[in-house]
Amino acid sequence: MAEFDTIIIGAGPGGYVCAIRAAQLGLKVAVVEGRGTLGGTCLNVGCIPSKALLNATHQLHEVHENFEKMGLMGAHPTVDWAKMLAYKDDVIAGNTKGIEFLFKKNKVTWLKGWASIPAPGQVKVGDDIHSAKHIVIATGSEPSSLPGVTVDEKTIVTSTGALALGSIPKSLVVIGAGVIGLEMGSVYARLGAEVTVVEYLDAITPGMDAEVAKAFQKILSKQGIKFVLGAAVQGAEVTGTGAKVSYKLRKDDSAHEIAADVVLVATGRKPYTAGLGLEALGVEMLPRGQIKTDGHFATSVKGIYAIGDAIVGPMLAHKAEDEGMALAEIMAGKHGHVNYGVIPGVVYTTPEVASVGATEEQLKEQGRAYKVGKFSFMGNARAKAVFQAEGFVKILADKETDRILGAHIIGPAAGDLIHEVCVAMEFGASAQDLALTCHAHPTYSEAVREAALACGDGAIHA
Ligand SMILES: Cc1cc2nc3c(=O)[nH]c(=O)nc-3n(C[C@H](O)[C@H](O)[C@H](O)COP(=O)(O)OP(=O)(O)OC[C@H]3O[C@@H](n4cnc5c(N)ncnc54)[C@H](O)[C@@H]3O)c2cc1C
């Protein structure tokens, strides 16, 4: 008989959530984690530390930009970088210890070390071989590399290095205008660094609704972040004073160089499956390095499953968590399900940007008849009171049925507001359903209702 019902490899949001749910459903569960703490990329070097630094620097920005407007006078705080990093580390520790507590509470065994799979049904950790009915690969992802750029995590860094720089750089070049690059760029811009974002495409945040992306770039530019778009980076090297990045503009092939104290390479992430022994097992892989799975997270080898960043789909913690929960249900003989049509995406800058469902570009491409309801935060009293009236809510609904197809928000608390639309979409709601729902005043949420009203007879405060 197998020692465990399920062994999960990797304790990130996919793995640890899968473990807790599987244990709650009565399975005997172990999780193997090679890192010294639980929580994976997200809690240790991803979502959580970046949000801690975004919070600290947002507060600083508020002091500088808005305090005097509210009659809050006095000396502005100075930055103690070591202390700010210590605050970030405390936040990480609190969260990773929280997962340890949840493991104990749910009787999930933590097997410490790096795992491989010598044969189906077996997981090797150090010299020990454990057996399990189900094996779940939740090994996540690592930063992608860029030809001609060697990362040393000091001067030329990935997001991991950017979360723990020795000092605040005076200048920072970010390669890649995706979510991670813009969030970290915002952190250092608010700390006084001159930030330049170099992006291959002609727009920032690829995949985002184009109207929102354009407004977002304008707002970030106003905050002092510079953008070089349509630029193919040729290489980056450490110099005596920092680093320099060379790039060619795609429009005319002209060559340029830009120097900075620090260069952040934020060109995306790739699945991490090294050392598991998947090739020997014959686990089928996809061309971009993800593990191939069916609709129930099963790989091509019986009894081995995969979830999270290691498989296809958006590399997001909540997507990994949902897959973890669904797979736990499946392993317990129930019906797990993930609705990939309703997975929100959030950028935690100020203002925040959030989206769910189809973009306007996607609807056009599908040839779908749709209508747009838009509402500016300029018409939202609460947003104006806190100097966050930049941005808007945009709801896309089917022209005939009024069913909500997507929503895109740039503005205060967008990352929280979006969930109202997510729930509506899960229930197959129409824009009118949202518009007829009473919303408390004064809240940012009223802007969502107004955008829904704008899909019908019109917004009130527009
Ligand atoms: C800077 C940054 C900011 C981010 N911000 C957000 C955000 O705000 N919101 C969001 O949704 N997502 C965010 N992400 C993405 C998010 O972190 C990932 O999508 C998420 O962590 C994926 O979860 P996972 O469980 O698939 O894998 P991971 O979190 O990567 O966890 C995998 C774990 O497996 C372990 N492991 C790997 N191989 C083995 C092995 N052989 N044996 C034992 N252990 C192993 C690793 O040590 C790791 O701890 C961010 C990422 C970064 C880098």
Side-chain angles (χ1 to χ4, degrees), residues 7-19 30-55 88 92 95-96 99 110-118 123-126 130 135-144 157-164 174 176 178-187 264-278 290-291 297 305-325 327 343-349 352-354 415 418:
I7 297 182
I8 298 161
I9 306 175
Y16 85 71
V17 167
C18 185
V31 175
V32 192
E33 175 54 61
R35 201 189 285 271
T37 48
L38 301 174
T41 302
C42 179
L43 269 61
N44 290 282
V45 289
C47 330
I48 300 304
S50 58
K51 265 80 254 178
L53 292 183
L54 278 159
N55 173 52
K88 174 213 66 173
I92 296 172
N95 281 281
T96 57
I99 309 296
W110 175 8
L111 302 171
K112 296 183 183 180
W114 297 98
S116 59
I117 311 173
V123 174
K124 188 165 185 257
V125 187
H130 302 274
I135 296 172
V136 179
I137 301 169
T139 48
S141 60
E142 61 179 344
S144 311
V157 299
T158 66
S159 56
T160 304
L163 288 165
V174 179
V179 176
I180 294 175
L182 295 181
E183 286 185 358
M184 293 314 299
S186 281
V187 163
L264 164 61
V265 187
T267 47
R269 297 178 63 82
K270 58 180 185 205
Y272 180 77
T273 55
L276 289 170
L278 299 187
Q290 299 107 333
I291 299 169
F297 312 105
Y305 303 82
I307 53 172
D309 280 9
I311 68 170
V312 286
M315 285 183 159
L316 294 169
H318 42 284
K319 177 260 193 188
E321 289 184 36
D322 277 26
E323 290 178 342
M325 262 198 286
L327 175 56
I343 295 183
V346 180
V347 194
Y348 297 84
T349 44
E352 291 184 351
V353 187
I418 198 71

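Since this is a predicted model, take the numbers as computed values, not measurements. Note that ligands are numbered from 1 as they come in the structure, with each ligand's atoms numbered from 1 the same way.
Taking a 4.0 Å cut-off on heavy atoms, Gly113 registers as neighbouring ligand 1. Not a single heavy atom of Ala310 sits less than 4.0 Å from an atom of ligand 1. In this structure, Gly275 does not count as a contact residue of ligand 1, since none of its heavy atoms falls inside 4.0 Å of the ligand.
Closest to atom 30 (O) of ligand 1 among all protein heavy atoms lies Thr41 OG1, 2.6 Å. Of all protein heavy atoms, the one lying nearest to atom 49 (O) of ligand 1 is Glu33 OE1, 2.8 Å. Nearest protein neighbour of atom 19 (O) of ligand 1, counting heavy atoms only, is Asp309 OD1, 2.9 Å. Ranking the protein heavy atoms by distance from atom 38 (N) of ligand 1 puts Thr139 CG2, 3.2 Å first. Protein heavy atom at the shortest distance from atom 34 (O) of ligand 1 is Gly10 CA, 3.1 Å. Counting protein heavy atoms only, atom 31 (O) of ligand 1 is closest to Gly12 CA, 3.4 Å. Nearest non-hydrogen protein atom to atom 15 (C) of ligand 1 is Met315 O, 3.7 Å. Looking only at heavy atoms of the protein, atom 8 (O) of ligand 1 is closest to Lys51 NZ, 2.6 Å.
Considering backbone and side-chain atoms together, Gly14 places an N or O closer than 3.5 Å to an N or O of ligand 1. On a distance-only criterion, Val45 and ligand 1 share no N/O pair closer than 3.5 Å. By the 3.5 Å distance cut-off applied to N or O atoms, Glu183 is not counted among the residues near ligand 1. Checked by distance only, ligand 1 and Arg269 stay at 3.5 Å or farther apart across all their nitrogen or oxygen atoms. Not one N or O of Trp114 is nearer than 3.5 Å to an N or O of ligand 1, by distance alone. Considering both main-chain and side-chain atoms, Tyr272 never comes within under 3.5 Å of ligand 1 through any nitrogen or oxygen pair. In terms of polar-atom proximity, defined here as any N/O pair under 3.5 Å, Arg35 does make such a contact with ligand 1.
Side-chain atoms of Ser144 come within 3.5 Å of backbone atoms of Gly268 as a donor-acceptor pair (strictly under, hydrogens ignored). No side-chain donor-acceptor contact under 3.5 Å links Glu142 to the backbone of Tyr272. Of the possible polar contacts, one joining the Lys319 side chain to the Gly308 backbone as a donor-acceptor pair under 3.5 Å is found.
For atom 17 (O) of ligand 1, the choice among Gly34, Cys42, Gly46 with the nearest heavy atom turns out to be Cys42. Among Gly140, Cys47, Ala11, the residue whose heavy atom lies nearest to atom 16 (C) of ligand 1 is Cys47. Nearest residue to atom 12 (N) of ligand 1 from Ala317, Gly40, Gly415 is Ala317 (criterion: closest heavy atom). The heavy atom nearest to atom 23 (O) of ligand 1, considering only Ser50, Pro13, Gly308, Ala115, is found in Pro13.
Residues Thr96 and Asn44 bring no donor and acceptor atom of their side chains to less than 3.5 Å of each other.
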Carefully, step by step, assess Glu33 and Ile99 under the rule side-chain contact (heavy atoms from CB on, under 4.5 Å). CA-CA 12 Å; Glu33 175 54 61; Ile99 309 296; over 6 Å; no

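Proximity to Ala320 (heavy-atom distance under 4.0 Å) selects the following atoms of ligand 1: 23 (O), 26 (O).
One distance of note links CD1 of Ile7 with CD1 of Ile135; it measures 6.5 Å at 0.5 Å rounding.
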